[in-house]
**Student:** 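Quick one: the structure is below, and I'll ask about it shortly.
When reading the values below, keep in mind they use all heavy atoms of this one structure, side chains included, and skip hydrogens, waters and symmetry mates.
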Amino acid sequence: MKLRGLVPRTLRWLKKAFLFLFFFQLFYIFLLKWVDPPITITQLQIWAKSFGKDYSFKRDYVSRKEISVHARLAVIASEDQLFATHGGFDWKSIKTAMKKNKEGKRIMGASTISQQVAKNVFLWQGRSWFRKGLEVYFTKMIEWIWGKKRILDVYLNVIEMGEGIIGIEAAAQTYFKKPASKLTRREAAAIAACLPNPVRYKVNPPSAYVTYRTNEILRQMNNVGGMEEIIEVIQ
């Protein structure tokens, strides 16, 4: 009899726990439309790794007006040129990456800026299907609730831009001894050039590959910078 009573009580508890978690995360998503995320799991992981290393953890959130328009354009040109028009996912790139990965070639990623924000703000680093499923959910939610400008601003504040360096302000101060609002086109492109692997690739001193990518990003910035939909997002 005790066992029979335990099962419905457990189910009721699980239902209440699920409803609490659902409404809590929904409230948190709405809150972050205006408030910067205090800390993330990814940042905690990066902070923990900095102990005993020859670098320190650096993070400094800044508002939209404190970020150079060149930085916004550079990351779009480098990471996600369809950012202004897609609904959170670049399905063509996803299909290409899946095909390459299935063929056993070098693992390719196809994450949009929106997906990277969802992963870095709400989740942890990893490749499990469970985490990817949550990433899809949070990506769609921030697309619906935040909008493109807020997603881009949060991206520039939470993404890792070097060992222990979180966000564009910390990157600008570390690499160029100036605030993010004063970054030039080339400086912004140089930071964006390292984003595929900010631990491996260095802004200072730049490798031949980083220099090549910087010049390529500058070219792409010229190509996409005049598009009306992108101007609307970066201004």
**Student:** Would you check if the side chain of R72 reaches a backbone N or O of R64 as a donor-acceptor pair within less than 3.5 Å?
**Tutor:** yes
**Student:** Can you tell me which residue pairs pass the side-chain hydrogen bond (donor to acceptor under 3.5 Å, both in side chains) test with a partner in residues 192-212, sequence neighbours excluded?
**Tutor:** none
**Student:** Does the structure place the NZ or CZ of R59 under 6.0 Å from the centre of the six-membered ring of Y61, at an angle of no more than 45° from the ring's axis?
**Tutor:** yes
**Student:** Distance-only, no hydrogens or angles: does the S78 side chain make a donor-acceptor pair with backbone N or O of A193 under 3.5 Å?
**Tutor:** no
**Student:** Where do A190 and T214 come nearest, in terms of heavy atoms and distance?
**Tutor:**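 Smallest heavy-atom distance, with atoms named: CA-OG1, 3.5 Å.
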**Student:** Would you please say whether a donor-acceptor pair under 3.5 Å links the side chains of S114 and E143?
**Tutor:** yes
**Student:** Does K182, at its NZ atom, have more than 12 non-hydrogen atoms belonging to other residues, nucleotides or ligands within less than 6.0 Å?
**Tutor:** no
**Student:** If Ile, Leu, Val, Met, Phe, Trp and Tyr residues are connected whenever their side-chain heavy atoms lie under 4.5 Å apart, and connections chain through other members, are I29 and I41 in the same group?
**Tutor:**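 Yes, one cluster joins them.
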**Student:** Looking at F83, is K148 sitting on its ring face, NZ or CZ under 6.0 Å from the six-membered ring centre and within 45 degrees of the normal?
**Tutor:** yes
**Student:** Could you tell me if the side chain of I76 sits less than 4.5 Å from the side chain of Q220, heavy atoms only?
**Tutor:**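 They are not in side-chain contact.
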**Student:** Donor-acceptor pair, distance only, cut-off 3.5 Å: does the side chain of D90 make one with the backbone of D80?
**Tutor:** no
**Student:** Heavy-atom count check: over 12 atoms from other residues, nucleotides or ligands less than 6.0 Å from E232 CD?
**Tutor:** no
**Student:** Considering only distance and modelled atom types, tabulate donor-acceptor pairs under 3.5 Å from the side chains of residues 31-39, sequence neighbours left out.
**Tutor:**
residue, atom, partner, partner atom, Å
K33, NZ, I145, O, 2.8
K33, NZ, W146, O, 3.2
D36, OD1, R150, NH2, 3.4

**Student:** How are the rings of F18 and F22 set relative to one another: parallel (under 30°), tilted (30 to 60°) or perpendicular (over 60°)?
**Tutor:** parallel
